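All remarks here apply to the structure that follows.
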2 protein chains.
Amino acid sequence: MTIKGKPTSLDIAHLAGVSQPTVSRALRGSPMVSPETRRRILAIARELNYKVDKNASNLRCQQSGTLALLFFEEPAPDDASINPFFLSMLGSITRACAQRGFDLLISFQQLSSDWHADYEDSHKADGIILLGYGDYLEARTRLQQLVEQGTRFVRWGAALPGQPGVSIGCDNYQGGLDVGHHLLARGCRRIAFLGDASEHYPEFQERYRGLAAALTAAGLAADPDLQVDAVTTEQAGFEAATALLQGGAEFDAVFAASDLIAIGAMKALHEHGLRVPEDVAVAGFDDIPLASFVTPGLTTVQQDTRQAGTILVESLLALIAGEAAGSRTIPARLVLRGSTGA
Amino acid sequence: MTIKGKPTSLDIAHLAGVSQPTVSRALRGSPMVSPETRRRILAIARELNYKVDKNASNLRCQQSGTLALLFFEEPAPDDASINPFFLSMLGSITRACAQRGFDLLISFQQLSSDWHADYEDSHKADGIILLGYGDYLEARTRLQQLVEQGTRFVRWGAALPGQPGVSIGCDNYQGGLDVGHHLLARGCRRIAFLGDASEHYPEFQERYRGLAAALTAAGLAADPDLQVDAVTTEQAGFEAATALLQGGAEFDAVFAASDLIAIGAMKALHEHGLRVPEDVAVAGFDDIPLASFVTPGLTTVQQDTRQAGTILVESLLALIAGEAAGSRTIPARLVLRGSTGA
DNA sequence: CTGAAAGCGCTTACAG
DNA sequence: CTGAAAGCGCTTACAG
């Protein structure tokens with residue numbers, strides 16, 4: 001007997017001399033199949049390289065065994081500009097999905113496009129993971145829509161009160177506080193902050209608040225002139241630091257809202273003949289792989305991406321299973337390297 | 001009329017007072033539907049936020065509208081160690097898929113695991129894109145299996161004669177040649193190569209061959225003692241350069257098989273008190289985003305990831321459509337920066 | 001322990 | 001231009 005095209009469970013059934021449902025049961029490990037029958041079926045299935053058709057089983061079961069990962073980044077002109085931190089998250093999310101037998105569908109979406117719930121509505125995914133340092137105030141409306149439509153989703157971001165849906169994020173405030181304390185302990189007094197510190201970017205805002213709290217505790221105040229907006233790219237960090245230098249601002253340290261910003265800032269400092277850390281100490285946030293490989297190594301705040309990915313996936317699976325899942329904050333950890341003289 | 005759960009085409013049909021197939025036709029833009037009927041159906045569909053159930057339509061049409069992207073990297077202990085170059089490819093592949101209305105399923109696989117054709121056999125994907133600097137000789141057997149099973153796939157890699165399946169790669173030989181010529185023109189005579197140069201890694205081997213050809217053309221010879229194996233990580237580059245330095249090797253330039261290796265090597269040189277480019281010139285390969293942001297900027301060979309992603313997707317879609325598709329090589333472009341004194 | 005039956009939500013000939 | 005019918009390949013009550 002020759003089978004044209006991919007084998008189906010009916011083909012296996014004919015070959016094994018049983019009914020098609022029995023094949024299905026055997027393949028799914030149902031206890032209601034005799035060991036002998038199961039063995040025969042599995043052997044044939046293996047020989048034919050049979051794989052259950054996911055479209056059929058998903059249709060029947062009304063679920064997909066797939067999660068969708070959506071990046072909602074600022075419109076980026078070039079493909080290469082994905083933040084390495086998120087790519088590290090991507091790795092751990094992929095792994096967490098695989099461990100639980102879920103596939104991962106990914107998509108890089110503009111904040112502006114009309115993706116909301118598309119993946120779930122079309123049954124392509126059972127739930128959605130949102131990742132990205134986008135403008136929170138713009139994203140908020142869409143998150144609200146998702147909640148109203150009953151879409152299952154979790155997002156990586158500042159886990160603050162009053163947000164729609166489930167957010168998993170690290171303790172940005174504590175991280176900023178730690179960096180502030182550290183820089184102050186190294187003798188820095190005028191600490192510039194590179195990154196948006198408004199409610200548009202709650203994570204950066206929290207980091208800035210942590211820094212400001214450290215300054216206040218030391219009897220100092222955060223100087224608004226030393227805060228320069230920057231999105232999360234080396235280029236933005238380079239430009240922000242350059243602007244600060246050309247504006248004649250005086251500072252002895254830079255706390256960048258992300259490592260990419262910090263690396264761009266270090267380049268600008270270098271080009272202006274300033275030494276790191278002798279003239280200006282620099283600290284970042286994220287601990288991307290390259291943070292330890294720039295010269296000098298970059299002091300930064302590590303976010304545990306492995307843990308983050310696991311929690312994101314587990315929280316989403318809980319939502320899908322109809323269980324409760326709340327927002328959570330994971331710890332941040334200061335990592336000392338040469339850029340602050342450590 | 002209230003609908004429980006997600007609306008189906010049958011719900012729309014009832015509401016519009018037509019049959020269910022007519023709804024399907026209208027939604028798919030069939031010309032065999034009167035404008036008036038179509039308008040009514042589309043309005044209702046929009047209002048109910050109806051989306052075609054992909055599982056059902058895929059089952060019916062026997063295709064998935066999805067491509068699978070599989071990374072087959074060396075077993076990596078930590079999630080963060082994905083080569084930024086591939087992540088850049090990931091971005092362009094995602095975009096190319098989206099433009100053509102295909103979804104992208106991704107998976108990070110070990111070379112050792114038993115994924116071959118799993119995605120396609122289970123109808124989860126119509127075809128597979130393979131990405132990774134794995135050991136080619138190990139991968140080869142699996143590629144051969146894929147070809148035999150009739151799986152549609154394309155891979156990024158050295159497009160050399162005699163390989164199973166379709167390979168898309170850049171002109172590694174020309175890139176290595178360009179780097180060699182450039183370093184020689186800067187006065188370098190003893191050029192170390194960091195990276196495996198055996199047939200296990202044909203891309204690296206080609207880069208090395210290019211370098212060797214440049215040396216030969218200048219009346220010099222490649223010194224085997226100056227070639228040190230290294231996989232594509234900063235750590236490996238750091239270790240390879242350190243080994244070279246501690247072994248007392250004399251060299252005035254380093255050509256790293258990838259930017260990550262180069263960045264690790266630069267750190268090692270720095271720690272040994274050697275200046276780049278004054279004491280040792282350094283060049284890499286890939287032009288990852290950070291290459292321009294390390295200090296000094298890294299001279300490297302750019303592979304056009306946008307074009308690569310587009311060609312990979314187009315070639316795969318051609319295979320899926322039953323058309324012929326062959327291996328292709330895309331140009332490499334030397335990018336000069338401070339690390340070679342440019 | 002196994003089989004006959006129904007049905008998941010679509011798409012596509014086949015009639016009219 | 002539209003509808004009735006069949007069927008994609010599964011899974012899961014329901015009988016026995």
Side-chain angles (χ1 to χ4, degrees), chain A residues 3-42 44-45 48-66 101 119-126, chain B residues 3-42 44-45 48-66 101 119-126:
Chain A
I3 296 167
K4 63 276 143 251
K6 310 219 160 155
T8 69
S9 56
L10 196 57
D11 295 322
I12 313 271
H14 287 152
L15 258 33
V18 296
S19 72
Q20 182 270 325
T22 298
V23 172
S24 179
R25 290 190 191 100
L27 258 25
R28 317 195 78 247
S30 161
M32 311 185 303
V33 178
S34 78
E36 154 57 15
T37 308
R38 177 193 317 284
R39 202 174 308 117
R40 195 150 31 97
I41 290 171
L42 291 183
I44 295 171
L48 265 55
N49 198 26
Y50 169 78
K51 294 287 182 328
V52 172
D53 185 312
K54 283 294 174 188
N55 289 317
S57 69
N58 290 343
L59 173 60
R60 178 53 230 246
C61 302
Q62 295 292 32
Q63 44 94 33
S64 68
T66 301
Y119 283 90
E120 205 200 321
D121 286 343
S122 65
H123 290 254
K124 284 193 286 200
D126 297 329
Chain B
I3 297 166
K4 63 277 141 245
K6 312 221 159 155
T8 70
S9 57
L10 196 58
D11 296 322
I12 312 270
H14 288 151
L15 258 34
V18 296
S19 72
Q20 182 270 326
T22 298
V23 172
S24 179
R25 290 190 191 100
L27 259 23
R28 318 195 76 251
S30 161
M32 310 185 302
V33 178
S34 78
E36 154 58 14
T37 307
R38 175 193 317 283
R39 205 174 305 118
R40 194 149 33 96
I41 290 171
L42 291 183
I44 295 171
L48 265 55
N49 198 27
Y50 169 79
K51 294 286 181 331
V52 172
D53 185 314
K54 283 294 173 189
N55 288 317
S57 69
N58 290 343
L59 173 59
R60 178 54 228 248
C61 301
Q62 295 293 33
Q63 44 94 32
S64 69
T66 300
Y119 283 90
E120 203 200 321
D121 285 342
S122 64
H123 290 256
K124 284 192 286 199
D126 297 329

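Naming: A, B, ... by sequence-line order, numbering from 1 per chain. Here the structure is a predicted model, which is why all the values come from computation and not from measurement. The basis for the numbers below is simple: all heavy atoms, side chains too, and nothing from hydrogens, waters or symmetry mates.
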From CG of Leu10(A) across to P of dC8(D) the rounded distance in Å is 9 Å

Report the residues that fulfil side chain to side chain donor-acceptor pair (under 3.5 Å) with Lys54(A), sequence neighbours left out, ordered by chain and then residue number.
none

With respect to the phosphate group of dC8(C), does any side-chain polar atom (N or O) of Thr8(B) fall under 4.0 Å of OP1 or OP2?
no

Nearest-angstrom distance from the residue atom CD of Gln63(A) to P of dG9(C):
13 Å

Working for side chain to side chain contact (heavy atoms under 4.5 Å, CB included), residues Leu15(B) and Leu48(B)
CA-CA 11 Å; Leu15(B) 258 34; Leu48(B) 265 55; 3.9 Å; yes

Check the phosphate of dT2(C) against Thr37(A), side-chain N and O only, distance under 4.0 Å to OP1 or OP2. Yes or no?
yes

Identify the two heavy atoms, one from Asn55(B) and one from His123(A), that lie closest to each other, and give their separation to 0.1 Å.
ND2-O, 3.3 Å

Taking all non-hydrogen atoms of both residues into account, name the closest pair between Val33(B) and Ala26(B) and its distance.
CG2-N, 3.9 Å

Atom NZ of Lys54(B) to atom C1' of dC8(D): distance rounded to whole Å?
16 Å

Please say which of Leu27(A), Leu42(A), Asp11(A), Ile41(A) ends up in a side-chain contact (heavy atoms from CB on, under 4.5 Å) with Tyr50(A).
Leu27(A)

Side-chain contact test, heavy atoms from C-beta onward, threshold under 4.5 Å: evaluate it for His14(A) versus Val23(A) and give yes or no.
no

Whole Å only: how far is the CZ atom of Arg38(B) from the P atom of dC1(D)?
9 Å

Roughly how many Å is it from NE2 in His123(A) to P in dC8(C), rounded to a whole number?
12 Å

Worked check of side chain to side chain contact (heavy atoms under 4.5 Å, CB included) between Lys124(A) and Asn58(A):
CA-CA 9 Å; Lys124(A) 284 193 286 200; Asn58(A) 290 343; over 6 Å; no

Under a 3.5 Å cutoff on both atom distances, Watson-Crick or G-U, what's the dot-bracket for DNA chain C ([ ] crossing, | other strand)?
|||.||||||||.|||

Between dA6(D) atom P and Leu59(B) atom CG, what is the distance in whole Å?
18 Å

What is the distance, to the nearest angstrom, from the CD1 atom on Ile12(A) to the P atom on dC10(D)?
9 Å

Letter per nucleotide, 5' to 3', of nucleotides 11-16 of chain C [B base touched, S only sugar-phosphate touched, - untouched; heavy atoms, 4.0 Å]
BBB---

Position toward the 5' end of DNA chain D (nearest nucleotide), Gln62(B) or Arg40(B)
Arg40(B)

We want to know whether Asp126(B) and Ser64(B) form a side-chain donor-acceptor pair, criterion being a heavy-atom distance below 3.5 angstrom.
yes

Can you measure Asn55(A) atom CG to dC10(C) atom C1' for me and round it to whole angstrom units?
11 Å

Thr22(B) vs dG3(D): side-chain N/O to OP1/OP2 distance below 4.0 Å
yes

Please check if the side chain of Arg38(A) supplies one atom and the backbone of Ser30(A) the other of a donor-acceptor pair under 3.5 Å.
yes

